Amino acid sequence: MKNAKIIQDLQKLGIKGDYEVIYNPSYEELYQAEVSPENQGFERAELTESGAVSVKTGIFTGRSPKDRYIVQDDISRDTIFWDGKVNLPTTPEIFQSCKGLVLDQLSKSKKIYVVDAFCGTNADTRLKVRFIVEVAWQAHFVTNMFIRPSHYELENFGEPDFTVINGSKTTNPNWEAQGLNSENFIMFDLTEKLQIIGGTWYGGEMKKGMFAMMNYYLPLKGMASMHCSANVGEDGDVALFFGLSGTGKTTLSADPKRYLIGDDEHGWDDNGVFNYEGGCYAKVIDLSAEKEPDIYGAIKRDALLENVVVNNGVADYTDGSITENTRVSYPIYHINKIVLPSKAGHAKKIVYLSADAFGVLPPVSILDENQAQYHFLCGYTSKLAGTERGITEPEPSFSPAFGEAFLTLHPTMYSKTLIGKMKEHGAKAYLVNTGWNGTGKRISLKDTRAIIDAIIDGSIENAPKTKVPIMNLEIPTSLPNVSEGILDPRDTYSNVSEWEEKAKDLASRYIKNFEQYCNTEEGKKLVASGPQLQEQTI
Ligand SMILES: Nc1ncnc2c1ncn2[C@@H]1O[C@H](COP(=O)(O)OP(=O)(O)O)[C@@H](O)[C@H]1O
Ligand SMILES: C=C(OP(=O)(O)O)C(=O)O
Ligand SMILES: [Mn+2]
């Protein structure tokens, strides 16, 4: 019996005691478990009018990067990028101590949910991940977000490649003596191939945790591993949308004219682009059926809302009183136009989404090959409110590969692999500002969508163009269906000198940030492709 084998596996891992195992529950079983009156506190879910259930994730409504550690040992020592910020080192001893806490917590459970799922569409590069959780909606979350194996695949799942044990109900009392940041922890051990979680209930730690692991294994095999959404047109033309949280990956990839490949995490190998996930995780703050019909329509039975205010069973998407980072997860087939399995050919258009809080960047710039590399390494954008603890308003940030928080290797590993693929397949890159301009307002979704259309149908290449000084960017001055007077950011200021002042400030930030890449000839060569404080002389 499968369950007897799973219980044996859990006992071997150190989850003792007498518990019932619920293995890969169906959506119906998950629903019954989530709304059970036995649930306490944040375990509870409530049914909403759309058919989706809604939960609160407790004090953690976003990721907690300062509590995230990777064990430093013989496997990780010389491979992980120990930048002192994203990948914080911990010792095998501290990991074992926290693992003990998580095992003790689960050993007290009467019910344990075990979900076996895939991370990665292709059999040769996917991770077979086993999630072990005690909260029903956490099992629902990973069922939505990861690739659901077929019955046949589940029968033949074999040993997992990676295991995630979520002990969100426990915290670490020894954190101070152990020199950790807090009683909460998210830890990875690459030798044991294990992620453990304590303190935080936020499901994003499991989702982005496995993304960080794919970001480790795939580039080491020469593949690009990317924080981007992806879609494909009728002709098989693939577009990628890179960007930090809140910049528009999910929104802009749900395009009724195209087929969705995935909304957040992809690889690119010799055959093309492929999704890591089996679902989407969309922001729902201010969501409306008019502006975002595909995402709105995806919120139905089996979708899982997080931290949304619900009044008498009706979700109020305008209410950000719990967090700005209100979310919904749903299986990818809740979007009407998709490709399944989630993969397609090689990408032809690469869009870097940047939400510029300074209002300096043009809504769209056309990048040449060196600029494509320069801006990918810079990853200039803003951290938007909500997805990370402590971020409450847009904070300018240079996030290499538009995903610094999830890079396990040196940033140049990601630029090398991506730029290599781009050159091989003749892909063109564009920098799109989905943030602010001189009006003080965010560029409208309608304008951004028209810009994306012009990139995808190629009309941007035939548009009249000009060069924006200081930022050293080439822009179109007119595009079909894009509002007049916004394409050149200088036109959105009452006085051009205002823009210039801000642009100089931003340019010096770019230049300073890029110094870290100037210790190689290759890096130094790219400086000329970035913003310039002096007029360039040839
Ligand atoms: N011009 C714009 N382009 C894209 N998104 C915009 C724009 N203006 C406002 N938004 C809003 O910003 C958010 C983008 O979030 P999302 O697509 O989930 O980002 P990501 O997937 O990159 O985290 C959505 O709530 C969307 O409605
Ligand atoms: C879910 C996250 O990001 P995104 O908004 O890119 O989906 C996250 O950063 O935890
Ligand atoms: Mn997203």
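Every heavy atom of this structure was used, including side-chain atoms; hydrogens, water molecules and symmetry mates were not. All ligand and atom numbering here is 1-based and tracks the order in the structure. Note that this is a predicted model, so its numbers are computed, not measured.
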| query | Are Lys291 and Asp286 close enough, and set up right, to give a salt bridge (charged side-chain N to carboxylate O under 4.0 Å, His left out), and what steps lead you there? | reply | CA-CA 10 Å; Lys291 277 201 212 144; Asp286 294 326; over 6 Å; no

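Contacts between Glu292 and ligand 1 below 4.0 angstrom, taking non-hydrogen atoms only, involve the side chain exclusively.
Using cut-offs of 30° and 60° on the angle between ring planes, the pair Phe406 and Phe211 is tilted. Ring-plane geometry between Phe242 and Phe376 is classed as perpendicular, the angle between the planes exceeding 60 degrees on a 0 to 90 degree scale with a lower cut at 30. Ring geometry for His140 versus Tyr27: interplanar angle over 60°, hence perpendicular rather than tilted (30 to 60°). Classification of the Tyr330-His334 ring pair by plane angle, with boundaries at 30° and 60°, yields parallel.
Residue Lys249 approaches ligand 2 through these ligand atoms, each under 4.0 Å from one of its heavy atoms: 6 (O). The ligand atoms of ligand 1 that sit less than 4.0 angstrom from a heavy atom of Leu244 are 22 (O). Close contacts between ligand 2 and His227 involve ligand atoms 6 (O) [criterion: under 4.0 Å to a heavy atom]. In summary, the atoms of ligand 1 found under 4.0 Å from a heavy atom of Ser444, numbered by their order in the structure, are 1 (N). Atoms of ligand 1 found under 4.0 Å from any heavy atom of Ser245 (numbered from 1 in listed order, with element): 23 (O).
In this structure, atom 15 (O) of ligand 1 lies nearest to the protein heavy atom Lys283 CD, 3.6 Å. Among protein heavy atoms, atom 25 (O) of ligand 1 sits closest to Ile285 O, 4.2 Å. For atom 16 (P) of ligand 1, the closest non-hydrogen atom of the protein is Thr251 OG1, 3.6 Å. Closest to atom 4 (C) of ligand 1, if we only count protein heavy atoms, is Leu445 CD1, 3.5 Å. The protein heavy atom nearest to atom 19 (O) of ligand 1 is Gly248 N, 3.1 Å. Of the protein's non-hydrogen atoms, Arg442 NH1, 3.7 Å is the one closest to atom 11 (C) of ligand 1.
When every heavy atom of Ser329 is checked against every heavy atom of Met145, the shortest pair comes out as CB-SD, 3.7 Å. The nearest pair of heavy atoms linking Ser245 to Arg327 is OG-NH2, 3.5 Å. Shown here for Arg68 and Val86, the closest heavy-atom pair between the two residues is NH1-O, 3.0 Å.
Of all the listed residues (Phe402, Phe211, Phe406, Tyr281), Tyr281 holds the heavy atom that lies closest to atom 1 (C) of ligand 2. With distances taken over non-hydrogen atoms, the option nearest atom 4 (P) of ligand 2 out of Arg63, Lys208, Glu205 is Lys208.
For Tyr510 and Phe398, the ring centers sit closer than 6.0 Å to each other. Not less than 6.0 angstrom separates the ring centroid of His227 from the ring centroid of Tyr414. Taking the six-membered ring for Trp and the full ring otherwise, Phe188 and Phe95 have centroids separated by 6.0 Å or more.
Neither side chain, Ser365 nor Tyr430, offers a donor N or O lying under 3.5 Å from an acceptor on the other.
Not a single N, O or S atom of Ser245, from either the backbone or the side chain, sits less than 2.8 Å from the Mn ion (ligand 3).
For the ligand labelled ligand 2, residue Ser245 lies inside the 4.0 Å heavy-atom shell. Under the 4.0 angstrom criterion for non-hydrogen atoms, Arg449 is not in contact with ligand 1.
The distance criterion of under 3.5 Å between nitrogen or oxygen atoms is met by Gly246 with respect to ligand 1. At under 3.5 Å, a nitrogen or oxygen of Ile443, whether backbone or side chain, sits near a nitrogen or oxygen of ligand 1. Taking any N or O of Asp264, backbone or side chain, at least one lies under 3.5 Å from an N or O belonging to ligand 2. In terms of polar-atom proximity, defined here as any N/O pair under 3.5 Å, Thr448 does make such a contact with ligand 1. Backbone and side-chain nitrogen or oxygen atoms of Lys283 are examined, and none is located within less than 3.5 angstrom of a nitrogen or oxygen of ligand 2.
The cationic group of Lys56 does not satisfy the cation-pi geometry with Phe42, failing either the under 6.0 Å distance to the six-membered ring centre or the 45° limit from the ring axis.
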